Protein chains: 2
Amino acid sequence: MSFDDQLPPKIRLLRAAAELLANSEGSAVSTRQITKLAGVTAPTLYHHFGDKEGLFDAVVSAGFEEYVAGERDFAPSGEPLEDVRRMWDNHVQFGLSQPHLYLVMFGNIRPESRPAIVADAEALLEEMLNKAAISGQINVPPREAARSILAANVGVTLMLIAEPVEERNLELSTMTRDSMIFAVSTETARGAAADDSGKSSVVVAAIALNAALQASHSDQLSSSELKLFLEWLHRISSSS
Amino acid sequence: MSFDDQLPPKIRLLRAAAELLANSEGSAVSTRQITKLAGVTAPTLYHHFGDKEGLFDAVVSAGFEEYVAGERDFAPSGEPLEDVRRMWDNHVQFGLSQPHLYLVMFGNIRPESRPAIVADAEALLEEMLNKAAISGQINVPPREAARSILAANVGVTLMLIAEPVEERNLELSTMTRDSMIFAVSTETARGAAADDSGKSSVVVAAIALNAALQASHSDQLSSSELKLFLEWLHRISSSS
DNA sequence: CACTTCATATAGCAACGCTATAGGTGCTAG
DNA sequence: CTAGCACCTATAGCGTTGCTATATGAAGTG
């Protein structure tokens with residue numbers, strides 16, 4: 001019954017919960033199943049984790065490490081938007097390979113209670129999008145882009161999980177993914193990639209902004225503000 | 001206790017369930033609450049609806065009529081893609097105004113069990129996208145486009161529901177919506193933004209510069225200067 | 001040794017979704 | 001009018017859920 005004697009009960013509970021979450025098909029996972037598999041009784045669970053959700057949160061943190069590890073390994077491809085695509089695919093892959101764990105992480109929605117994990121995933125995406133922004137590859141602030149992309153990513157994954165396995169069509173994922181990324185990117189070409197060779201730096205961006213601001217005066221700043229702004233921009237631009 | 005005597009119990013159950021789903025804050029709704037409010041006992045519920053989910057499905061069908069009615073009223077604007085935008089907004093609006101009902105409809109995800117309602121919503125969207133396809137306005141088969149857009153729509157709505165009310169930012173919705181629609185449409189609108197007096201390139205450059213400055217703090221500006229600089233940058237980059 | 005602190009077990013509560021069984025109701029057939 | 005027959009509802013309770021009041025054991029400290 002208990003599968004891992006002589007380990008501390010806290011760890012046995014974590015492993016039992018993880019195993020049940022990973023393998024249980026369809027129905028929910030009960031505390032009694034978990035404690036039975038772990039070879040402990042109910043109060044032990046509540047002593048260590050407070051309540052069922054506390055246990056699941058702990059399991060999820062561990063599962064999330066795995067998820068994040070998958071995301072970070074892909075990271076340095078040099079092309080940030082390509083990395084965002086990989087993060088998207090990794091997200092979907094994780095959801096489909098461990099649907100119950102995923103549902104605990106992202107599918108357990110209740111009004112006004114945001115799972116902590118969502119913020120983490122969002123931060124991860126934002127970090128990557130920030131790199132894209134530095135290269136001038138996106139036309140939306142990274143934070144908003146991250147939220148938007150993550151929302152679509154979760155929506156797609158949930159929808160795929162809800163479908164019968166044999167009907168799951170991953171094209172839904174790739175299509176939505178590319179739609180979202182394309183929409184926030186500055187790529188101009190519909191079919192072919194732009195040859196704009198990216199690779200901007202602070203200086204390049206500043207120069208571009210400087211030129212753009214002088215060409216069409218923005219009405220977001222007053223004229224005196226604009227003058228000072230342009231002076232600072234010049235200092236930055238001429239720093240290299 | 002029972003609020004609507006002399007109506008048939010089936011209808012009283014439906015109304016009680018709908019009312020509880022609409023008003024219950026946070027916690028779940030139990031069959032006992034429902035039967036108590038309806039003034040009937042448990043077997044009555046199971047006689048008419050089979051099980052709890054059957055009742056909820058029935059409530060949802062009724063609620064869905066309302067939802068669909070909202071969608072159909074908007075329909076004939078002549079511009080199909082504009083109608084898709086309205087359907088998207090209506091969807092989000094419905095979710096935020098009746099979050100519990102919405103969660104029963106779209107948030108109750110379990111592996112390989114697709115809520116019937118999703119197929120209906122998908123069909124509705126597909127129908128509209130078909131009109132767009134006939135006018136040559138989209139570059140993707142309507143069915144796939146509908147699935148993709150609906151997935152993103154649900155994802156956004158769930159994410160907004162999970163957020164605290166005061167933090168809810170509908171821009172997440174409009175931005176994701178336009179991203180999705182733009183991506184499937186044949187508009188070559190990327191250039192249209194450039195027509196927009198070059199403002200978009202200003203925004204792109206500002207976003208890039210903003211990200212670059214925060215990544216590697218330049219030593220060309222003092223910290224107080226930088227602070228003000230970034231504030232202005234933010235004003236510019238969030239102008240459109 | 002006495003004392004505190006932590007960790008686990010015994011036993012059980014209230015609430016849950018659901019149901020076996022039986023009784024009441026209104027209908028049609030004879 | 002009555003007998004039979006569906007249909008609908010109630011009494012009572014089953015098995016399971018998440019969780020806990022209480023007690024017991026073990027381990028460290030004075």
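On a predicted model such as this, the values are computed, not experimentally measured, just so you know. In what follows, chains carry the letters A, B, and so on, assigned in the order in which the sequence lines appear, proteins first and then strands, with residues in each chain numbered from 1.
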Nearest listed nucleotide, side chain of B:P43, among D:dC19, D:dA10, C:dC18: D:dA10
Side-chain N or O of A:S30 closer than 4.0 Å to phosphate OP1/OP2 of D:dT17: yes
Carboxylate-amine/guanidinium contact A:R85 A:E82, below 4.0 Å: yes
Under-4.0 Å side-chain N/O to phosphate OP1/OP2 contact, A:Y46 with D:dT20: no
C:dC6 OP1/OP2 closer than 4.0 Å to side-chain N/O of A:H48: no
Spacing between A:K36 atom NZ and D:dT17 atom P, to the nearest angstrom: 10 Å
A:R143 with A:E126: basic N within carboxylate O range, under 4.0 Å: yes
B:E79 and B:R86 ion-paired at < 4.0 Å: no
Any B:T31 side-chain nitrogen or oxygen under 4.0 Å from OP1 or OP2 of C:dC16: no
Any B:H47 side-chain nitrogen or oxygen under 4.0 Å from OP1 or OP2 of D:dC8: yes
5'-most by nearest nucleotide on DNA chain C - B:L45 or A:T44: A:T44
Nearest-Å distance for atom pair CZ/P, residues A:R32 and C:dA11: 14 Å
Which residue lies more 5' along DNA chain D, comparing A:E53 with B:T41 via nearest heavy atoms: B:T41
Salt bridge (charged side-chain N to carboxylate O under 4.0 Å, His left out) partner of B:R147, the single match among A:E163, A:E171, A:E167: A:E163
